[in-house]
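Notes follow the structure.
Note on naming: letters A, B, ... go to the chains in the order of the sequence lines (proteins, then strands), and numbering restarts at 1 for each one. Here the structure is a predicted model, which is why all the values come from computation and not from measurement.
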2 protein chains.
Amino acid sequence: MQPIKKVRLSDSVIDAIEAMIDAEQLKPGDKIFSEHELTRRLQVSRASVREAIRILEVTGRVTVKHGKGVYLADYSASRFEPFVAWLQNNEQSLNDSFELRLIIEPDIAALAAQRAEETDIDELNTAHKYFTTCAADANTTEIIKSDRNFHRLLAGASKNRALSMLMHSITTSLPGDWISSLHTPGRIKKTITEHGEVLKAVTHSDSNQARHCMHSHLTNAWADIRNFMHQHTTTVGEPTL
Amino acid sequence: MQPIKKVRLSDSVIDAIEAMIDAEQLKPGDKIFSEHELTRRLQVSRASVREAIRILEVTGRVTVKHGKGVYLADYSASRFEPFVAWLQNNEQSLNDSFELRLIIEPDIAALAAQRAEETDIDELNTAHKYFTTCAADANTTEIIKSDRNFHRLLAGASKNRALSMLMHSITTSLPGDWISSLHTPGRIKKTITEHGEVLKAVTHSDSNQARHCMHSHLTNAWADIRNFMHQHTTTVGEPTL
DNA sequence: AAGGATAACTTGTCAGACAATCAGTCATCT
DNA sequence: AGATGACTGATTGTCTGACAAGTTATCCTT
């Protein structure tokens, strides 16, 4: 004999909510119906709705914000929150952030070479071209932005949402020293060629080459900064930006 | 400005219940306090108690039986049911985070092998021993905590604050993959030996070996999870436990 | 135009009530 | 005696209405 499975109401509500998400084509970050609206539509009490939402929350499908609403889980919100907070509140040392990027980004490039789709490569191409035109204008803030954008797009092409978000976090709050890398003489031109090589490898789906190119790109940038700083820090104390 | 983290009442209730379980030395299968009793003791509404219990249920810590009561989840019973469901819903993010860890942690281990000081190694040793004792008790929450702690200490030993914070963030905000890896049968024992090998390499300042050990540790854990998931999802109908 | 009070909407919590389920107890019927 | 069914108490499941607390946009005052 098969015992009859009695379904808890909140479990049915979970299914209903997921069906709604599916039907409405909601994407991560979108707001879903309010608890009140759900009670009205599903004709169940708010307690049951809340229990369902609580479950959806702990299983990571939605995030609940007091006073605002319930949102489809967004990686950016939950995952690296404490890390981002730390990045914003602490001036990192140049070495630390370089070491971190040197660990992550070559592998990102390798993954991107394996997984990038046509649209990704198109976007990377336009971003690269835009960087080149910016370099001609010598508009430094725009140059920094477009450099950032290139690295982010690459992370996106890795098709790993965690990596993508992580790179987004890292690039939003770069240490001042890092930004200054593009101020060192000749670095912008070098960046153009180095990005170009990475992009070429990704386009050819050459994973190892992509990893290698990104590695040397970062290593070169690091070396240029160190040289630059060394020249300009004969005075004792912190290097001035 | 440090934003004050407002804790949801049900979250506090969860902690309180777990503390009670700990204080009363309850074993799997034992009955815990009824909802009414919990409202009386904790002085919160039944709704909050119920939300807490619902969370404890989906995370597999307790099982609720209508008309009877709430019981500490026992190992033999269908403990894996919520876990498998979670795996299915989070397969993508599970893969993403393992890929991320597989990129970062081997290098962290390598750096730790180069830079760890005596105090770091001492801490890692005690953490490793504590994990071993926890494993004997089969206290899953504590096991997860101590596993987490080992990985964090290792990141700390890398002497790179950005990396350390990143690992801290990953281990806190992603209970999922951590919890899941230690739920698969036999994984805890394997973790003990694998952590031991990493620790040995770090102690000997063998950077390459440390990288290699961490790499296989994560690879093995990931493979175990995939096997487990595959076993429990390929059979048609209800998987027999 | 700037800034502050206000109102509307949202989630968080509470209290009390009733329904549904379970496990005994006990009287009743065969 | 043994099976059956009604009753009872405990426990979880659900509902309702209310208020607290956070967020946002608007309107009003200055």
Side chain to side chain contact (heavy atoms under 4.5 Å, CB included) between B:V13 and B:L38, worked out: CA-CA 9 Å; B:V13 173; B:L38 285 170; 5.9 Å; no
Could you work out which one of [options] sits closest to the side chain of [X]?
{"X": "A:H66", "options": "D:dG22, D:dG13, D:dT11", "result": "D:dG22"}
{"X": "B:S45", "options": "C:dA15, D:dC15, D:dG13", "result": "C:dA15"}
{"X": "B:A47", "options": "D:dT11, C:dT11, C:dC14", "result": "C:dC14"}
{"X": "B:V44", "options": "D:dT12, D:dA21, C:dC14", "result": "C:dC14"}

The answer to which of A:K68 and A:R8 contacts DNA chain D further toward the 5' end, by nearest nucleotide, is A:R8
If each of B:H36 and A:G67 is mapped to the nucleotide of DNA chain D with the nearest heavy atom, which maps nearer the 5' terminus, i.e. the 5' end? B:H36
To the nearest angstrom, how far is [X] atom [atom1] from [N] atom [atom2]?
{"X": "A:E37", "N": "C:dT10", "atom1": "CD", "atom2": "C1'", "value": "12 Å"}
{"X": "A:K65", "N": "C:dC9", "atom1": "NZ", "atom2": "P", "value": "21 Å"}
{"X": "A:R40", "N": "C:dT10", "atom1": "CZ", "atom2": "P", "value": "11 Å"}
{"X": "B:I53", "N": "D:dT14", "atom1": "CD1", "atom2": "P", "value": "14 Å"}
{"X": "A:E35", "N": "D:dT16", "atom1": "CD", "atom2": "C1'", "value": "15 Å"}
{"X": "A:D11", "N": "D:dT14", "atom1": "CG", "atom2": "C1'", "value": "14 Å"}
{"X": "A:E51", "N": "D:dT12", "atom1": "CD", "atom2": "P", "value": "12 Å"}
{"X": "A:L9", "N": "C:dT21", "atom1": "CG", "atom2": "C1'", "value": "15 Å"}

Check each of A:R101, A:R152, A:K145 against A:T171 using the side chain to side chain donor-acceptor pair (under 3.5 Å) test, and report the only one that passes. A:R152
For the CZ atom of A:R61 and the CD1 atom of A:I21, what is their distance to the nearest 0.5 Å? 8.0 Å
Working to the nearest 0.5 Å, report the span between CG of B:L102 and CG of B:D107. 10.5 Å
Tell me whether the rings of B:H195 and B:H151 are parallel (<30°), tilted (30 to 60°) or perpendicular (>60°). perpendicular
Would you say D:dC15 has OP1 or OP2 under 4.0 Å from some side-chain N or O of A:S48? yes
Would you say B:R46 places a side-chain N or O within less than 4.0 Å of OP1 or OP2 belonging to C:dC14? no
